[in-house]
There are 2 protein chains.
Amino acid sequence: MTRAPASRALDTTPLWLKLSSYLVLSEEEKMYLADLERTIAREPPRTDLLQQGEKYRDVRIIRDGWAIRHKALPDGRRQVVNFVLPGDIIGMYCTLFESADHSVTTLTAVEVASFPPERIGEMFRSFPRLAAALAWSGAREEAMVAERLLSLGRRTALERTAHLIVELLRRLSVVNMATDGHFVLPVTQEILADALGLSIVHINRTLRRLRDSGLIELNGQRITVNDVRQLASVGQFDELYLHLIRVPKRLERAFAGPRHQNNNKREDDDRAKA
Amino acid sequence: MTRAPASRALDTTPLWLKLSSYLVLSEEEKMYLADLERTIAREPPRTDLLQQGEKYRDVRIIRDGWAIRHKALPDGRRQVVNFVLPGDIIGMYCTLFESADHSVTTLTAVEVASFPPERIGEMFRSFPRLAAALAWSGAREEAMVAERLLSLGRRTALERTAHLIVELLRRLSVVNMATDGHFVLPVTQEILADALGLSIVHINRTLRRLRDSGLIELNGQRITVNDVRQLASVGQFDELYLHLIRVPKRLERAFAGPRHQNNNKREDDDRAKA
DNA sequence: CGTAGACTTGACACTACTCAATTGGAGTGG
DNA sequence: CCACTCCAATTGAGTAGTGTCAAGTCTACG
């Protein structure tokens, strides 16, 4: 493993921001993370970062831009499983699975870091708290998919749409990409339709209803949520599933057991900022 | 950690069967697993093993019986996220999350083992291959939820239903609970409806169509799939997402790095039975 | 033999889909 | 600077697929 130079002026990356909302990372952990994100590439919009059925390659971290994780049926019908935002990880399970059961495609130009899967095992051994934070991020991803399943199964078109907008707002806030109620939504209505299990026409009409009722405003790709509480209420949004609460004490007991290969001062109180 | 006595006659549990379909476990790993499943309880049907919003308790392993993992909206609408079958684990993320975003309720009488979450960290340190197999099982769970999302978003009622039946058949086969094309489906139509995002009436009509077309037979809770290939074709079922392929070589490199606290002969060829 | 829960079926309503036409911008080439 | 093109967004009209309501029917079981 190569350590990044101990420069103090490490930028805060979206991943660091996200993980920091969960637990307070030490300087050493932060540096290890920065090292993971060392190999950076840029990709244009509409690029496949991963393709359904293909073998997994490296693990990737989105540092900037949007992508979608989606699955397709043989006949072309498509479902967007989730939106991939800065700070999100692609192909975390590449160590466990042979080939991918979904595709990941960029919506905008993106900046992605990549590292070989072997480093995940290394991290579990050397920086268990960091590994736990990454596991939290992965588990949260599953929770989001389950919540979207609830949307498609039991929420109406209007509720689903409202719910998704609030979810994106919350997620973007964590990585400083939403201020007040507005953010950039670099997404066509076709993609929204594929995310919400609706037709393009119907998503269009649903957005119109939300606009007409004054809950949101749309100007090009900029969306403004005028009344988050009311929108959340329309979508029956309960942020429990985002698990934004700080790390439970339990975690320390489970992951920070007998030390090995690891000498960072780790007794910082994780709940200091809670 | 307490080791189970080294009796050779350890029963094969469903979890062991499931994990063995992924990698060949050593005798020591098998014994550790048996020890995890040492504390056993029985619960009657319609018991909540976990409740949405409640704090997580111990980790649990289903050894016998069926349960459902489900989420509810404030107004009572409900979505079944997945079926919990023997060999499945409940509350794996209890170390990472404070409270549960879903409920787990038994459908039949069940036999569950439980162990404190601390042991997961212990396992990562002492039996990394076993931990990896558990991670595989968890990642697979997410893949199933994503596939169901595709169903609810883009498959018709008939396709969804066919898909679910084939999925259950495949999953049950792994733990020896399905022979030829038939198995016990201890599930009311209401629950099927909640799993597939349909109304009870419509699920009933859809099952009728499947029966009338001769693809399946239903006798009480016994379901017989007459033509798996054709049913899979109706449901556009592609088992890629179940990741039933044996462990990739990559895994060894990542998880079986520098040894510590672990001296079991691990050089068994994982792909021996492949 | 009576009751309760699950299953079935018919009739009808409604959500969301399809088809089709139109509008609106952003880019491109003359 | 103005057609022209392309793609996304809109809107209308008609329909298909599902949901709702309501009335049975079946089966298990006390």
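Chain letters run A, B, ... following the sequence lines, proteins first and then strands; every chain starts at 1.
- Annotation: salt bridge (charged side-chain N to carboxylate O under 4.0 Å, His left out) contacts involving residues 136-153 of chain B, sequence neighbours excluded, comprise A:R69-B:E142, A:K71-B:E147, B:R69-B:E141, B:E147-B:R155, B:R148-B:E167.
- A salt bridge links B:D75 with B:R77: the closest approach of a Lys/Arg side-chain nitrogen to an acidic carboxylate oxygen falls below 4.0 angstrom.
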Output one line per pair: protein atom, nucleotide atom from nucleotides 6-8 of chain D, and distance, for all N/O pairs under 3.5 Å.
none

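- Distance CG (B:L198) to P (D:dA16): 20 Å, rounded to an integer number of Å.
- Heavy-atom contacts of chain B under 4.0 Å fall on DNA chain C between two terminal nucleotides, which in 5' to 3' order are C:dA6 to C:dA11.
- Residues A:T224 and A:I216 are not in side-chain contact: their nearest non-hydrogen atoms beyond the backbone lie 4.5 Å or more apart.
- Contacts of B:R170 classified as side-chain hydrogen bond (donor to acceptor under 3.5 Å, both in side chains), with partners at least two apart in sequence or in another chain: B:E239.
- Other residues, nucleotides and ligands contribute over 12 non-hydrogen atoms within 6.0 Å of the CZ atom of B:R222.
- Applying the ring-ring contact (aromatic ring centres under 6.0 Å, His included) definition to pairs two or more places apart or across chains, those involving residues 144-198 of chain B are B:H163-B:F237, B:H163-B:Y241.
- Screening residues 186-201 of chain A for salt bridge (charged side-chain N to carboxylate O under 4.0 Å, His left out) gives A:R78-A:D194, A:D194-B:R154 as the qualifying pairs, with residues at least two apart or on separate chains.
- For the pair B:E217/B:R211, no side-chain contact is recorded, criterion being any heavy-atom separation below 4.5 Å from C-beta on.
- An angle of 30°, rounded to 10°, separates the two end axes of the helix from C:dC1-D:dG30 to C:dG30-D:dC1, each defined over five pairs.
- Sequence neighbours left out, not one pair with a member in residues 188-236 of chain B passes ring-ring contact (aromatic ring centres under 6.0 Å, His included).
- Here B:R57 pairs with B:E54 under the side-chain hydrogen bond (donor to acceptor under 3.5 Å, both in side chains) rule; sequence neighbours left out.
- A heavy atom lying under 4.0 Å from DNA chain D marks the following residues of residues 203-225 of chain B, by number: B:R205.
- Under the 3.5 Å distance criterion, with hydrogens and angles disregarded, no donor-acceptor pair is assigned to the side chains of A:S103 and A:D48.
- Every residue two or more places apart in sequence or in another chain was checked for a salt bridge (Lys or Arg N to Asp or Glu O under 4.0 Å) with B:D180, and none qualifies.
- Between the NE2 atom of A:H202 and the P atom of D:dT18 there is a distance of 14 Å, rounded to whole Å.
- Checked against side-chain hydrogen bond (donor to acceptor under 3.5 Å, both in side chains), B:D101 has the following partners two or more places apart in sequence or in another chain: A:H243.
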